[in-house]
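What follows is one structure encoded as structure tokens, with my remarks underneath.
Values reported hereafter were calculated over all heavy atoms of this structure, with side chains retained and with hydrogens, waters and symmetry mates removed. Predicted model, so just to flag it, every value in this text is computed and none were measured.
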Amino acid sequence: MPIEYCENYPDYEGCKDWLAKNLPDSFERLNVGGGGGGEAVGGGAEGSDADGDEKKRQKRGGKGMLKAKKKEAEVERKIILSIAPRGKKKAVTVVQGLKTFGVDLKVASKFFSSKFACSASVTGDDEIVIQGDVKDDLFDILPEKWPEIDEDLIDDIGEKKRT
């Protein structure tokens, strides 16, 4: 990488330190040359070499920034099963809360589709809709397929209209 690109590097301070330690003559030339370029772009005085470098460097967002990992808040680990009426005699089973156990919803939907020979789809952030009334079977199948799900953590709220 050419030394002129140091200012575009995500770890700008680390790049400057490495350059000062390994190539001091190039580092001095870059600082002297960078001051002249900074004046033309920034319009600042000669004493503001450090400020000119700071102005050039991108502060927010962009590809160069390392993203901080979000700390997940403690959410209640519980699976909620409900039946939603659909038409006169038809119903769908709604499964909510699988994501809190770390279950991939697409994989679970595919599993339910093949297990119950019906359609199952992921709707919303943490919800799977399975065609038909299969709520009773889910009490046995969920702990069997995913051991981290305890049978006591599965809650049945009965019939609920979908929004």
Side-chain angles (χ1 to χ4, degrees), residues 1-23 26-27 30 34 50-51 53-163:
M1 175 172 81
I3 58 173
E4 296 85 29
Y5 291 138
C6 189
E7 63 190 29
N8 298 324
Y9 192 68
D11 184 21
Y12 179 66
E13 295 302 320
C15 183
K16 276 179 37 178
D17 294 340
W18 182 89
L19 204 58
K21 188 172 90 173
N22 294 335
L23 300 169
S26 298
F27 180 67
L30 184 66
D51 294 336
D53 288 343
E54 289 300 318
K55 287 179 186 175
K56 290 181 190 175
R57 184 158 175 252
Q58 185 175 0
K59 293 284 187 185
R60 307 175 29 210
K63 294 179 182 177
M65 289 289 283
L66 299 174
K67 294 181 181 177
K69 293 185 179 180
K70 295 179 184 176
K71 292 183 180 179
E72 294 182 20
E74 286 295 319
V75 291
E76 188 177 356
R77 293 171 52 116
K78 186 173 240 180
I79 294 178
I80 300 169
L81 303 178
S82 62
I83 299 295
R86 189 181 76 85
K88 294 182 182 179
K89 294 183 180 180
K90 302 197 185 262
V92 292
T93 306
V94 180
V95 182
Q96 295 174 322
L98 283 175
K99 209 173 203 179
T100 59
F101 289 94
V103 176
D104 187 15
L105 296 182
K106 286 186 177 183
V107 172
S109 172
K110 187 81 169 170
F111 171 73
F112 294 144
S113 294
S114 63
K115 184 73 175 176
F116 300 123
C118 64
S119 175
S121 61
V122 178
T123 59
D125 189 34
D126 189 15
E127 181 179 80
I128 295 178
V129 176
I130 307 168
Q131 286 186 358
D133 186 358
V134 293
K135 183 173 59 176
D136 297 332
D137 298 334
L138 285 173
F139 281 102
D140 300 327
I141 290 173
L142 286 173
E144 182 182 312
K145 174 74 174 165
W146 294 282
E148 65 268 11
I149 299 174
D150 191 21
E151 200 168 323
D152 298 333
L153 298 175
I154 301 173
D155 191 21
D156 178 15
I157 61 170
E159 195 168 304
K160 178 185 172 190
K161 190 158 190 158
R162 286 183 63 214
T163 54

*asked:* Show, in sequence, the C-alpha distance, side-chain angles and deciding distance for L98 and T100, and conclude whether the side chain to side chain contact (heavy atoms under 4.5 Å, CB included) test is met.
replied: CA-CA 5 Å; L98 283 175; T100 59; over 6 Å; no
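Closest of all the heavy-atom pairs between S109 and I128 is N-CD1, 4.0 Å. Heavy atoms only, all atoms of each residue included: F101 and R77 are closest at CD2-NH2, 3.1 Å. The two residues I79 and G97 make their nearest non-hydrogen contact at CG1-O, 4.0 Å.
Inter-residue side-chain proximity for E159 and P85 is flagged as met; some heavy-atom pair is nearer than 4.5 Å. Using a 4.5 Å heavy-atom cutoff, the side chains of V92 and I83 are not in contact. In this structure the side chain of L81 reaches within 4.5 angstrom of the side chain of I154, judged on heavy atoms.
Annotation: side-chain contact (heavy atoms from CB on, under 4.5 Å) contacts of L19 (sequence neighbours excluded): I3, L23, F27, L30.
Between the NZ atom in K78 and the CG atom in D152 there is a gap of 10.0 Å [rounded to 0.5 Å].
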Pair up each side-chain donor or acceptor in residues 117-125 with any protein partner under 3.5 Å, not counting sequence neighbours, and list the distances.
| from | atom 1 | to | atom 2 | distance (Å) |
| --- | --- | --- | --- | --- |
| T123 | OG1 | E127 | OE1 | 2.8 |
| D125 | OD1 | K99 | NZ | 3.4 |

Please list, one pair per line, the donor and acceptor atoms closer than 3.5 Å that link side chains of residues 130-146 to other protein atoms, with sequence neighbours excluded.
| from | atom 1 | to | atom 2 | distance (Å) |
| --- | --- | --- | --- | --- |
| K135 | NZ | D156 | OD1 | 3.1 |
| K135 | NZ | D156 | OD2 | 3.3 |

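Applying the ring-ring contact (aromatic ring centres under 6.0 Å, His included) test to every pair with at least one member in residues 76-97, sequence neighbours left out, gives no pairs at all. A salt bridge (charged side-chain N to carboxylate O under 4.0 Å, His left out) check over residues 82-95, counting only residues at least two apart or in different chains, returns nothing.
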